[in-house]
There are 2 protein chains.
Amino acid sequence: MTSNSADRPRWLSDGEQRTWQAYLQATMLLEDHLDRQLQRDAGMPHIYYALLVQLSQAPRRRLRMTVLAQNAKITRSRLSHAVAALEKKGWVRREDCPSDKRGQNAVLTDAGYEMLRQTAPGHVEAVRSALFDRLTPEQVAQLGEICAAVAEGLQPEGADLPWLR
Amino acid sequence: MTSNSADRPRWLSDGEQRTWQAYLQATMLLEDHLDRQLQRDAGMPHIYYALLVQLSQAPRRRLRMTVLAQNAKITRSRLSHAVAALEKKGWVRREDCPSDKRGQNAVLTDAGYEMLRQTAPGHVEAVRSALFDRLTPEQVAQLGEICAAVAEGLQPEGADLPWLR
DNA sequence: CTGATGTACTTGAACTCTCAAGTTCATTAC
DNA sequence: GTAATGAACTTGAGAGTTCAAGTACATCAG
């Protein structure tokens, strides 16, 4: 891999540049939109909400911190702070991991589950109206493929993510 | 627009859910990746870099604050803080707008321009290898369409962006 | 020209994220 | 066992973001 940029740079073509610009704007706008929606309706940023969703889908509504961090694609440090904040709000509680004394499980509380139940409809509606309603079924499929390809490339594999150094 | 979510929620289908999950992961990973790359190589977060790029492409390397905020899809407040930081680093300088005494222009300094010149190759390379190299030309075109559609939907028009209330 | 309203931008505080330690327990090698 | 290394998580400080004011100028109605 010629990663060293001492070589002549491979500038973006006009089309690529337009795509890149559109990508930056769309992702920025969408993230902002959902952040506001959730801050307003659930009192937390989007990423925190996503953590609760992950927990709600996990076996006993609990997940090891590291696993949750990996699923959500955030650092352990960020997760620690996030869970601390969510604990303060009462949506999550920590419990010691029985099998590994270093480990912690993040557990979705009943209050957290209830909160999700009440805000989920509004949130899917927001996602739908901002994203899926604006795309054809083919585009949705294309977007899935594209994102999967990109995610795969940035994933732990040929990786340098913080927790894999 | 039936925006009220009192109606039966239109949950995401399995396919949509997979796409949404892939989207969240890909955008998160990519943003993190570029943030780290630029923090390392240019000493600033991605969004700050994007601001400098916008300035570098503007007529006299200067832009009204509001226009810059709109182009970059961020709030004026965020831009104020960002420009303050960039000013401290010497990449940007503020100047009063001649025609409107309330207005400010953000101006890319020579040092800022030089810094861009030196780091741009590494940055495009990062964008290329993380995104464009992983997609077929068709997928790049598709992504462009998709993002344009999404951005258009979230844009000032039927809007509720902070600066348009 | 005066008051009301709106626009352009800034500010401070509360919150979140990152990065570099630090702590505690697990594992592995003697 | 014990020392060295590694893994799981936390912490604190600095940087960045948001939200709600606040200041200053512009514009519009009368």
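Every chain is numbered from 1, with letters handed out A, B, ... down the list of sequences.
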Visitor: Among Leu51(B), Leu34(B), Asp32(B), which one satisfies side chain to side chain contact (heavy atoms under 4.5 Å, CB included) with His46(B)?
Guide: Leu34(B)
Visitor: Nearest-Å distance, CD (Gln37(A)) to C1' (dT18(D))?
Guide: 17 Å
Visitor: Side chain of Tyr48(A): nearest nucleotide among dT16(C), dT17(D), dT18(C)?
Guide: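 Taking heavy atoms from C-beta onward, the closest nucleotide is dT16(C).
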Visitor: Which residues satisfy the side-chain contact (heavy atoms from CB on, under 4.5 Å) test with Glu145(B), sequence neighbours excluded?
Guide: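 Result, side-chain contact (heavy atoms from CB on, under 4.5 Å) vs Glu145(B): Gln139(A).
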Visitor: Picking from dC9(C), dT10(D), dA26(C), which would you name as closest to the side chain of Lys101(A)?
Guide: dA26(C)
Visitor: With nearest nucleotides of DNA chain D determined for Asn105(A) and Asp35(A) from heavy-atom distances, which residue corresponds to the more 5′ nucleotide?
Guide: Asn105(A)
Visitor: Please tell me which of Ala82(A) and Arg102(A) maps to the more 5' nucleotide of DNA chain C, matching each residue to the nucleotide holding its nearest heavy atom.
Guide: Ala82(A)
Visitor: If I take atom CG in residue Leu86(A) and atom C1' in nucleotide dT16(C), what distance separates them, rounded to the nearest angstrom?
Guide: 12 Å
Visitor: Would Leu131(B) and Thr19(A) count as a side-chain contact (heavy atoms from CB on, under 4.5 Å) if you check the C-alpha gap in whole Å, the side-chain angles of each, and the deciding distance to 0.1 Å?
Guide: CA-CA 11 Å; Leu131(B) 184 66; Thr19(A) 295; 5.7 Å; no
Visitor: Using whole Å, what does the distance between atom P of nucleotide dA8(C) and atom CG of Leu63(B) come to?
Guide: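 Checked: the CG to P distance equals 14 Å.
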Visitor: How long is the span from the CZ atom in Arg36(B) to the CD atom in Glu31(B), to the nearest 0.5 Å?
Guide: 11.0 Å
Visitor: Lys88(B) NZ to dG14(D) P: how many Å, rounded?
Guide: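 After rounding, the gap between these two atoms is 13 Å.
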Visitor: In whole angstrom, give the distance that lies between atom CD of Gln104(A) and atom P of dA26(C).
Guide: 13 Å
Visitor: Give a yes/no answer on whether the side chain of Arg36(B) brings an N or O atom under 4.0 Å of OP1 or OP2 in dC19(C).
Guide: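 For dC19(C), OP1 or OP2 has a side-chain N or O of Arg36(B) closer than 4.0 Å.
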Visitor: Within the 4.0 Å heavy-atom criterion, would you say Asp100(A) contacts the bases, only the backbone, or no part of the nucleic acid?
Guide: sugar-phosphate
Visitor: Can you tell me the distance, in whole Å, between the CG atom of Leu68(B) and the C1' atom of dC9(C)?
Guide: 13 Å
Visitor: Within the 4.0 Å heavy-atom criterion, would you say Leu79(B) contacts the bases, only the backbone, or no part of the nucleic acid?
Guide: nothing
Visitor: Within the sub-3.5 Å range, which N or O atoms of nucleotides 11-14 of chain C have a protein N or O partner, and how far apart are they?
Guide:
{"residue": "dT11(C)", "atom": "O4", "partner": "Ser77(B)", "partner atom": "OG", "Å": "3.0"}
{"residue": "dG12(C)", "atom": "O6", "partner": "His81(B)", "partner atom": "NE2", "Å": "2.7"}

Visitor: For Asp32(A) and dT17(D), give me the distance from atom CG to atom P, rounded to whole Å.
Guide: 11 Å
Visitor: Could you give the distance from CG (Asn105(B)) to CZ (Arg94(B)), rounded to the nearest 0.5 Å?
Guide: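 Between atom CG of Asn105(B) and atom CZ of Arg94(B) there are 11.5 Å.
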Visitor: With nearest nucleotide decided by heavy atoms, which residue, Gln39(B) or Met44(A), maps closer to the 5′ end of DNA chain C?
Guide: Met44(A)
Visitor: Go through the structure and list residues passing side-chain hydrogen bond (donor to acceptor under 3.5 Å, both in side chains) with Gln21(B), not counting sequence neighbours.
Guide: none
Visitor: Answer yes if Val67(B) and Met28(A) sit in the same cluster of Ile, Leu, Val, Met, Phe, Trp and Tyr residues linked by side chain heavy atoms under 4.5 Å apart, and no otherwise.
Guide: yes
Visitor: Between Thr66(A) and Ala85(B), who's closer to the 5' end of DNA chain D by nearest nucleotide?
Guide: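 It is Thr66(A) whose nearest nucleotide is closer to the 5' end.
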Visitor: Between dA15(D) atom C1' and His46(B) atom NE2, what is the distance in whole Å?
Guide: 18 Å
